[in-house]
Structure formats: C-alpha cells, structure tokens
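Before any comments, here is the structure.
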Amino acid sequence: MEKTWIANLLPQDEYREKRLLYFIAEAVFILGVSLFLYLMVESFIVEMDMPGDRMALLCIGFLITYTTLRSTLTGIEYPDVASEKRYQKEKRLRIYSTIHFWIIFLFISILFKGIPSNLEETFDIGGSATFAAIFFFILNYLSLKKSYKKNKDLLDD
Amino acid sequence: MSNRIKMARVEKSLTQEQLASRVSVARQTIGLIEKGKYNPSLKLCIAIAKTLGKTLDDLFWEDD
C-alpha cells in the first residue's frame with residue numbers, strides 16, 4: 001500500500017486492512033448520498049432545519065456504527081482464533097474486558113454527573129453503564145463467534 | 001484465483017500459522033489465499049514464494 005498517514009490507523013495484516021478500507025469507503029459513499037438527498041429535500045421540498053451539532057453527531061455515529069458492524073459481521077477482528085481452546089480463552093477475555101468497560105463507564109458517568117444522591121440517580125447511572133456493557137459484550141461476542149467460524153472453515157492443517 | 005500454496009506449504013512442513021508469521025500476516029489471510037478467496041498483493045505473493053522456496057509461476061500461474 002502507498003505511504004499515507006491513514007496507514008498508521010489501519011491493521012498491519014493486508015487482508016484486514018483492505019476490508020476495513022472497503023467498509024470505510026462504503027460508509028462514506030452511503031453518507032455522501034444521504035447528505036445529498038438531505039440537501040435536495042431541504043432546498044426544494046421542505047425545510048427540516050436540523051441543528052448542526054445533531055447533524056454532526058448523526059454523521060459521525062453512522063460512520064462508526066456502519067464500519068464497526070460490517071467488521072463484526074465479516075469476522076475479521078480475531079483472525080488467529082481457530083481452535084476451540086483459543087476460542088474459549090478469548091471468550092473469557094471478552095468477559096473480563098466487558099467488566100473493565102462497565103467499571104470505566106460507571107467511573108466516567110459519575111465524573112460527569114456526580115455521585116448519585118438518590119435511588120433514581122443510581123439506577124440512571126448504573127442502568128446506562130449496564131446497558132452499554134451488555135451491548136459491548138454482545139458486539140464483541142458476535143465478532144469473536146463470526147471470526148472463529150470463518151477461521152475454522154479455512155483451517156486444514 | 002487458484003494457487004498451489006497449500007501444496008508447497010505442506011511440502012515445506014509448515015503450518016498455516018508458521019507461514020503467516022514468516023510473511024507477517026494473520027493466519028486467516030493465509031487460509032483465504034489458499035482457498036482462493038483473497039487475491040494477495042504482489043508484495044505478499046513474493047514474500048510467500050520466497051518463504052516456500054518457489055517462484056511466482058510455481059505458485060500462481062494457471063496452466064491451460
């Protein structure tokens with residue numbers, strides 16, 4: 001691949017690098033078409049007046065979500081997990097990393113919102129952290145399972 | 001793209017993992033190349049050929 005600063009943010013493995021570039025390009029293309037359609041509707045049909053900050057969040061959210069989901073569902077995130085033993089080990093590691101994630105999320109929430117003073121605030125912070133951790137785990141688990149299945153099909157030593 | 005990498009690798013008594021590590025890619029990438037599901041870059045083809053002691057023709061040229 002040509003030397004470019006973006007190469008520093010991409011995986012070293014050339015297959016994963018290529019796939020990730022495709023996913024980013026797909027996301028940018030869909031986003032471009034959507035923004036063009038939005039511009040047409042906004043200019044000629046009906047004024048939607050979406051605030052700039054919401055629009056920016058939506059665009060960034062779409063780029064991240066699309067790329068993450070495509071990588072997860074393609075099974076390229078764990079390219080070396082091909083045995084049952086390694087799979088079980090990675091599964092355990094995902095559980096630990098989910099617990100870490102839950103603690104960090106909780107800590108950051110408390111940092112921004114302050115220590116909860118009543119039951120409702122406790123549920124608010126704890127609930128968000130738990131929901132985010134469950135989502136984080138499902139995404140990681142799905143990715144691991146997809147990668148394992150893909151790698152097993154390619155294995156024939 | 002069909003290729004003869006698996007045959008050459010077995011001849012050299014290398015596992016997919018060992019070949020992957022010698023050419024600095026993931027095992028998944030070697031598996032995909034062997035199954036013809038991924039076309040590697042010329043740089044990677046050369047690295048694989050050198051590691052397996054073969055020429056590019058030996059590994060990738062398709063006979064009629």
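Letters A, B, ... are given to chains in the order of the sequence lines, protein chains preceding strands, and every chain is numbered from 1.
- When the shell of 6.0 Å around CD of A:E47 is examined, it contains 12 or fewer heavy atoms from other residues, nucleotides or ligands.
- With hydrophobic clusters built from ILVMFWY side chains whose heavy atoms lie under 4.5 angstrom apart, A:V28 shares a cluster with A:I6.
- For a heavy-atom cut-off of 4.5 Å, chain B lies close to A:G75, A:I76, A:P79, A:D80 in residues 65-80 of chain A.
- Annotation: A:L37, atom CG; neighbour count of heavy atoms from other residues, nucleotides and ligands within 6.0 Å is above 12.
- Under a hydrophobic-cluster definition in which Ile, Leu, Val, Met, Phe, Trp and Tyr are linked whenever side-chain heavy atoms come within less than 4.5 Å, directly or via other members, A:L35 and A:L39 are assigned to different clusters.
- Using a 4.5 Å heavy-atom threshold, the side chains of B:L32 and A:Y15 count as touching.
- Both A:I24 and A:I30 sit in one connected hydrophobic cluster of ILVMFWY residues. Membership requires side-chain heavy atoms under 4.5 Å apart, directly or through other members.
- For A:F107, the CZ atom sits in a loose shell: 12 or fewer heavy atoms of surrounding residues, nucleotides or ligands are nearer than 6.0 Å.
- A pairwise comparison of heavy atoms in A:N151 and B:Q28 identifies OD1-NE2, 2.9 Å as the closest pair.
- Cluster membership for B:F60 and B:I46, using ILVMFWY side-chain heavy atoms within less than 4.5 angstrom, is shared.
- The hydrophobic clustering, which links ILVMFWY residues whose side-chain heavy atoms are closer than 4.5 Å, places A:V46 and A:M50 together.
- Listed here is the closest heavy atom pair of A:E14 and B:P40: OE2-CA, 3.5 Å.
- Residues of residues 128-144 of chain A having a heavy atom under 4.5 Å from any heavy atom of chain B: none.
- Remark: B:R22 CZ is loosely packed, at most 12 non-hydrogen atoms of other residues, nucleotides or ligands lying under 6.0 Å away.
- With a 4.5 Å cut-off on side-chain heavy atoms, A:R16 and B:T29 do not count as touching.
- We find the CG-CD distance between A:L154 and B:Q16 to be 7.0 Å, quoted to the nearest 0.5 Å.
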